[in-house]
Chemist: 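So that we are looking at the same thing, I have put the structure below in C-alpha cells.
Below, each value reflects all heavy atoms present in this structure, side chains not excepted, and no hydrogens, waters or symmetry copies. Residue numbers count from 1 along this sequence.
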Amino acid sequence: MTDARDTICALASGPPPSAIAIVRISGPKVREICASVLERGVPKPRRAVFGRFLDVSRDTIDEGLAVFMPGPNSYTGEDTAELYLHGGAAVIDHALDTICALGARLAEPGEFTRRAFENGRMDLVEAEGVADLIDAETRAQKSLALDQLEGRLSRQYAEWRAGLVDVLALLEVSIDFPDEEDAPDETGGPVEAALRLIAESLERALADDEVGERIREGFHIAIVGPPNAGKSSLLNRLARREAAIVSDIPGTTRDVVEVRLKIGGQIAWVADTAGLREAADQIEAEGVRRAQERAASADLRIQLRSADENPDFSDCPADDLLIVNKRDLAQSGSWPEGVLTMSALTGEGFSEIEARIAEVIRNRAGSAGAPLITRRRHRLALESALFHVKHALNLLEHGGGAELVAEDVRLASRQLSGLIGEIGVEEILGAVFSSFCIGK
C-alpha cells in the first residue's frame, strides 16, 4: 500500500509522439517542485503561465504552459500542477525524471482518481464514472458515464440511504425509550410506510432489464438456426470482413464465433453459433450446447432460416428477429408478417436487416428510465439491500422486535454505504434529535 502523502506524477495525456503532452503532479511537494522546475516560479492559482521548464542542473527541459491548483479545490483535493509540454518521448522522460529527482514518484494506475475519492472530491460511484468516460466508445456510453460522474447515480443511492437512516432513527426511539407507551404506535406505522416506499423504489430500479450494463459493456446478439442457413455469412456481412468461415459443409461452425461491433450507436457482441441439429459427434454436440446457451442469454436472437429449406418459425419466441436467407431461391415471395428476407451471398436486403437490428438495439437502450445501474457491483449491492428491506418488512408484519428490524435496516444501509460512503453513529443520532422531541 503506497503512502497517500507521497507526491506523485505521471503523463496524463496520450503516449508520445503527440503535439502536446500533459504531465500531472499531485501531493505535498508540488509547490516545491514547481519552484524548482518552473523558471518563473510557482504560478498564481489557476492561471496558465508560459515559460521554460528546467531540470536540477538548470538545463532546459522544454518551454510551455504551467497551471497550479492548490488543494483542496483541485481534482485530487491536494496541491496539483499540470505542465503542458511538447509531446516528444525525450521531453516527457526528461520532465518526469526531473520531477522524480525532486521528490515525487511515478503514480500507480488510477492513483490520481483514487486520491480524489480518498480526499472526498468524489464518491466511489463517481470515480467509476471517470473510468467509464475515458473508456467510452459511443455517445450513449459517454452520456451514461457523464451522468455517473456528475453524481446522478450517487444522488439516487444517497436518497435510499438517507431514507434508511431516517427509518433507523425511528427504530432507535422504540429501542432506547421502551417505557414510552405510545412509542410503538408513533414509530411502527411510519417505519413500515417508509420501508415499503424504499422497497418499491429499489424494485423499480432493479427491473431495468440491465440496460445500463448493456450500454456500458455491449448488447449480446446471437444468430441461431439450422446448418447452412447462412449464419456465418450474415455475421461476415455485419462485420464487413471474413470473421467466420463460410462453407457448404454442415457443421462447419462448431464453436461460438463472436465479433464486437457498433450497431445503432451501441456496442454489440454478435455471435455466430453452431447449426442447431442432431449432432454427428461429441464435438458438434458441444457446439450445439454452447449455441443454445448463448441464444438463451442473448439480448436479441436472430432466427435465420434458408428459403430453400421450407423455413419454419413456429417455435420461435415472439421477441426474436425472424429472417429468411437465400431469398433468390425461394419458391414463393410471400412470407408471414414480420419476417425479413435477404441474400447473404449478394447482399440484397441486407441494409434493411441491419437497420432493423439497429432499431431493436436503440429501442432496448432507451427502454429504461435514468439513472441506470451501470455495474454488476452496484446491482448486487442493491439486490442485497432490497433483500434486507423486505426481510425487515416481513419482521414488522409478523411482530418482530424493533432490534431485529433495525439490524436488517442497518444491513441494507451498509450495502448502500459500500457504494457511496459510511453511515456513522453521529449521523443516526443527528436524525433522531432533529426529528423528535425526546423530552416530552
Side-chain angles (χ1 to χ4, degrees), residues 77 116-129 144 146-177 183-184 186-208 212 368-375 377-396 400 402-438:
F117 164 68
E118 290 173 343
N119 292 326
R121 296 294 294 169
M122 61 180 68
D123 63 30
L124 191 55
V125 173
E126 293 165 341
E128 289 171 331
L144 198 67
L146 278 174
D147 271 355
Q148 191 165 329
L149 176 59
E150 292 170 357
R152 193 172 183 185
L153 198 57
S154 296
R155 286 191 291 274
Q156 177 62 82
Y157 295 164
E159 181 181 327
W160 287 325
R161 192 189 72 161
L164 291 170
V165 170
D166 289 343
V167 167
L168 206 51
L170 288 167
L171 289 167
E172 291 292 340
V173 172
S174 58
I175 293 172
D176 293 341
F177 301 94
E186 290 184 2
T187 60
V191 164
E192 182 176 357
L195 287 178
R196 289 200 183 282
L197 284 175
I198 294 171
E200 290 169 3
S201 184
L202 284 167
E203 285 176 333
R204 284 194 300 271
L206 288 166
D208 62 354
L372 297 172
I373 301 168
T374 59
R375 291 174 182 257
R377 179 181 79 87
H378 301 189
R379 188 170 299 278
L380 291 174
L382 296 180
E383 287 173 347
S384 181
L386 178 60
F387 170 82
H388 289 296
V389 170
K390 286 185 171 181
H391 194 258
L393 284 167
N394 186 59
L395 287 171
L396 283 171
E403 293 88 349
L404 294 176
V405 176
E407 181 59 21
D408 264 307
V409 174
R410 285 192 193 94
L411 291 171
S413 64
R414 191 173 300 158
Q415 291 298 323
L416 294 172
S417 76
L419 296 175
I420 59 175
E422 295 295 332
I423 295 181
V425 174
E426 292 301 319
E427 187 175 0
I428 297 172
L429 292 177
V432 170
F433 286 109
S434 64
S435 302
F436 291 85
C437 180
I438 300 298

Chemist: Do you know which two heavy atoms are closest between His388 and Leu411, and how far apart they sit?
Modeler: CE1-CD1, 3.5 Å

Chemist: At what distance, to the nearest 0.5 angstrom, does CG of Leu202 lie from OH of Tyr157?
Modeler: 10.0 Å

Chemist: Closest approach of Ser154 and Glu126, non-hydrogen atoms and distance?
Modeler: OG-CG, 3.7 Å

Chemist: Begin with the C-alpha distance, continue with both residues' side-chain angles, and end with the deciding distance and a verdict on side-chain contact (heavy atoms from CB on, under 4.5 Å) for Ile373 and Leu206.
Modeler: CA-CA 8 Å; Ile373 301 168; Leu206 288 166; 3.9 Å; yes

Chemist: Testing Val165, Leu168, Leu404, Ile198 one by one against Val409 for a side chain to side chain contact (heavy atoms under 4.5 Å, CB included), which residue passes?
Modeler: Leu168

Chemist: Has the side chain of Ser413 got a donor or acceptor atom that lies under 3.5 Å from a matching backbone atom of Arg410?
Modeler: yes

Chemist: Using every non-hydrogen atom in the two residues, find where Ala381 and Gln415 come nearest and quote the distance to one decimal.
Modeler: O-CB, 3.5 Å

Chemist: Quick one: pull up CZ in Arg152 and CG in Leu372 and give me the separation to the nearest 0.5 Å.
Modeler: 8.5 Å

Chemist: Looking only at non-hydrogen atoms, find the nearest pair between Leu195 and Val389 and report the distance.
Modeler: O-CG1, 3.5 Å

Chemist: Look up atom CE in Met122 and atom CG in Asn119, then write down how far apart they are to the nearest 0.5 Å.
Modeler: 10.5 Å

Chemist: Ignoring hydrogens, what is the shortest heavy-atom contact between Leu170 and Pro190? Give both atom names and the distance.
Modeler: CD1-CB, 4.0 Å

Chemist: So, are Arg196 and Glu192 salt-bridged, with charged N and O less than 4.0 Å apart?
Modeler: yes

Chemist: Rounded to the nearest 0.5 Å, how far does CZ of Arg414 lie from CG of Leu419?
Modeler: 14.0 Å

Chemist: Would you indicate whether the side-chain heavy atoms of His378 and Leu153 approach each other to under 4.5 Å?
Modeler: yes

Chemist: Start with the C-alpha distance between Thr374 and Glu128, add both sets of side-chain angles, then the distance that settles side chain to side chain donor-acceptor pair (under 3.5 Å), and finish with yes or no.
Modeler: CA-CA 10 Å; Thr374 59; Glu128 289 171 331; 5.6 Å; no

Chemist: So which atom in Ala199 and which in Leu393 form the shortest heavy-atom distance, rounded to 0.1 Å?
Modeler: CB-CD1, 4.3 Å

Chemist: Just verifying a value: how many Å separate Leu395 CG and Lys390 NZ, rounded to the nearest 0.5 Å?
Modeler: 14.5 Å

Chemist: Distance from Asp408 atom CG to Glu403 atom CD, nearest 0.5 Å?
Modeler: 13.0 Å

Chemist: Checking the side chain of Asp123 only, and the main-chain atoms of Val125 only, is there a donor and an acceptor separated by less than 3.5 Å?
Modeler: yes

